[in-house]
Amino acid sequence: MPVTHMSRLFGRTLREAPADADSANHQLLLRSGLIVQLAAGVYSFLPPAWRTLLKIEQIIREEMEAAGSQELRMPAIQPRELWEESGRADSYGPVLFNLKDRRDRTMVLAPTHEESVTDLFRKIVQSYRDLPQSVFQMQTKFRDEPRPRGGLVRVREFIMKDAYTFDVDDDAFQLNYNAMRQAYYNIFERCGVSVVAVQADSGAIGGKQSEEFIFLTEIGEDNIVLCPSCGYAANQERAEFARGEGSGVEGDLEQVETPGVATIAGLAEFLGVPEQATAKAAFFLVDGEPTFAVIRGDLEVNELKLLNALDATEVRPLLPEEVEQAGWVAGYASPIGVDASRVVADPSVVDAGGLIAGANQVDSHLRNVTYGRDWSAATVADIGMAQSGDPCAQCGAALDMRRGIELGHIFKLGTRYTDPMEATFLDADGDRITPIMGCYGIGVERLMAAVVQSNHDDHGIIWPRSVAPFDVHIVPLGAGDEVAAAVANVESELSGSGLNVVTDDRNERAGVKFNDADLLGAPLRITIGARGLKQGQIELKLRRDSEASSVPLDGAITAAHEALASLSS
RNA sequence: CGGAGCGUGGCGCAGUUUGGUAGCGCACUUGACUGGGGGUCAAGAGGUCGCCGGUUCAAAUCCGGCCGCUCCGACCA
């Protein structure tokens, strides 16, 4: 292994973090001189960062291969027609970086590769004998994100490991899926980041089921619902929860004057009832159709669930004038009399008995509004947003809510791509079969950010050995020949035995060198100073420990290896 | 795209309210002293104050437009 010298290292450490950096990992990556921003969501990776990324990639590669996947490489530049074939040109639309070639043909920079790999599949695979298949690549993806954020967490150009499997049927698919799932756990553990697998929505990728691998951290951008009792875990965007006891009552419809009471909280207070005794109406435009959603007053509508319940693709809240056009009265809306085909009801109002709802006229509500008797909905579905404290759907315990970063996502795609793109094979009976597909992604730089976020202290990064850019950081102190000779000896012995070594050969004060060593975060620091050498000693210090220990120069190499071996990863 | 904020030397900031020829800390260069947790002293280099236009005798400062970046939301593997 080559030895890196700090005097030559391309990059510089900063005493103060740039003001734009918010999270610990972003600040440390900048301060340690590992990354430099070029534009919003676009970063350069300087030599130590690139080394870490290569190490992460190698871990991923090993685990993917162990799971039976083969590495390949697909193009980043793709004709737009490919995306029209799968039907994603529009649905993925705004995120696609578009460009024109010199013949005026529209190309896109690939944000992901389901289309390309399906195209490859149909050109290559003809027979059930060729299945199963599993391939992966690590490649730069381009997404024109509406809002890049959080340093490396959400960027516009990034390396993704993406894997794809093709199987003859669901059972065979499950084997590939399980292997990938296990590989994911292995990868994150080896990188020193703990994750939790949660049920998720498959979003623009499509398909039937998906699981995200979430690094729980307060700086995360996803809300994760966890059951402390039974282990249920899901992204809030699809988390299920029990509705608990409603406060509905039996009785005849009865109008009640509620002047100026246009909110659920106000209504509950005005009438002296809990919010659970009310029904809330929320209005959305779903695929162009005004939609009347009804849910118990204490709950919120989850727009993504609403979308899925209606098998739709676009949703947004209705504008006030659109509500009026639809004939609904905001603040006092009633599901009674509304065309049932436009109503979606959450189970919380269906099973609740009589609730207080709007009367569809200003300053007036109705008591004892009962589903089935007074109104009905064409669609009854779970459209509720799970919140912290809601009862778990499985065991009833109070759910926790945590923030998290999505490091990986694995999907069962079914025939979402193989069907429209006509990728098929012949089975043993000569029948044409559409294969079951899976895809499996990991954000590589995002994973590095997570490693830093979960492995640092006030002084800097504490790299896990497995992904550290340097194993050993040598700090020479003093200019004498003795020091120089000892340093030269130690660094060549260590690098000769396969370790990545960085030596701080700059003419800096001890404090500067120690601080930069802490910042850069190599697992082991070796201090070689004139003072110690007088006693024939040098100092070893693990980055994670606070105390250094002196060892004889003679046994330094062995001691260094032993110190590194004492680290779990 | 809606809301908020910020653009002054490599980094962090002051100066903008009340226009008058740009300053501080760190970093950088040179020298001396110093030398085991970001040292001291001295002397330096580095900025058309994001861009364009306007007002004015005079604009970092006031006005208009644009661009960039960050945060919240929408959206999003």
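In what follows, every chain begins at residue 1, and chains take the letters A, B, ... in the order their sequences are listed. This structure is a prediction, so every number in the text was calculated from the model and none was measured.
- Counting any heavy atom pair closer than 4.0 Å across all strands shown, Gln27(A) reaches no nucleic acid atom.
- Ala17(A) comes within contact range of the sugar-phosphate backbone alone, with a heavy-atom separation under 4.0 Å but no base atom that close.
- With hydrogens and angles ignored, the 3.5 Å screen pairs no side-chain donor or acceptor of Glu539(A) with any backbone N or O of Ala548(A).
- Atom CD of Glu324(A) is surrounded by 12 or fewer heavy atoms from other residues, nucleotides or ligands within 6.0 Å.
- The residue Gly532(A) sits close to a base: some heavy atom pair falls under 4.0 Å.
- Of the residues near RNA chain B, Val95(A) and Gly529(A), the one whose nearest nucleotide (by heavy atom distance) lies more toward the 5' end is Gly529(A).
- At least one donor-acceptor pair under 3.5 Å links the side chain of Asp505(A) to the backbone N or O of Met6(A).
- The base of rU34(B) sits within donor-acceptor range of the side chain of Arg509(A), with an N or O pair under 3.5 Å.
- The environment of Arg316(A) atom CZ is dense: over 12 non-hydrogen atoms of other residues, nucleotides or ligands sit within 6.0 angstrom.
- Contact of the Ile410(A) side chain with the Cys439(A) side chain is not registered, since no non-hydrogen atoms from C-beta on lie closer than 4.5 Å.
- Put simply, CD on Glu314(A) is 16 Å from P on rA74(B), counting in whole angstrom units.
- Nucleotide rG73(B) has rC1(B) as its partner under the Watson-Crick or G-U criteria, with both atom distances under 3.5 Å.
- Judged by distance alone, the side chain of Asp287(A) and the main-chain N or O of Ala312(A) form no donor-acceptor pair under 3.5 Å.
- Counting distance only, with no hydrogens placed and no angle test, the side-chain atoms of Arg525(A) and the base atoms of rG37(B) include a donor-acceptor pair under 3.5 Å.
- Taking a pair to require two hydrogen-bonding distances under 3.5 Å in either a Watson-Crick or a G-U wobble arrangement, rU40(B) pairs with rA32(B).
- Side-chain to base pairing of Arg154(A) with rC76(B): one donor and one acceptor N or O lie within less than 3.5 Å of each other.
- Asn507(A) contributes a side-chain N or O that forms a donor-acceptor pair with the base of rG35(B) under 3.5 Å.
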Short heteroatom pairs, N/O only, protein and nucleotides 44-47 of chain B, under 3.5 Å:
none

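- Here Pro148(A) lies in heavy-atom contact (under 4.0 Å) with sugar-phosphate atoms only.
- The base of rG38(B) has none of its N or O atoms less than 3.5 Å from a complementary donor or acceptor on the side chain of Glu508(A).
- The shortest distance between side-chain heavy atoms of Phe213(A) and Ile442(A) does not fall below 4.5 Å.
- Arg12(A) comes within contact range of the sugar-phosphate backbone alone, with a heavy-atom separation under 4.0 Å but no base atom that close.
- Among the heavy atoms of the strands lying under 4.0 Å from Glu539(A) is at least one base atom, whether or not backbone atoms are also near.
- Looking at heavy-atom distances under 4.0 Å, Ala39(A) makes contact with sugar-phosphate atoms alone, never a base.
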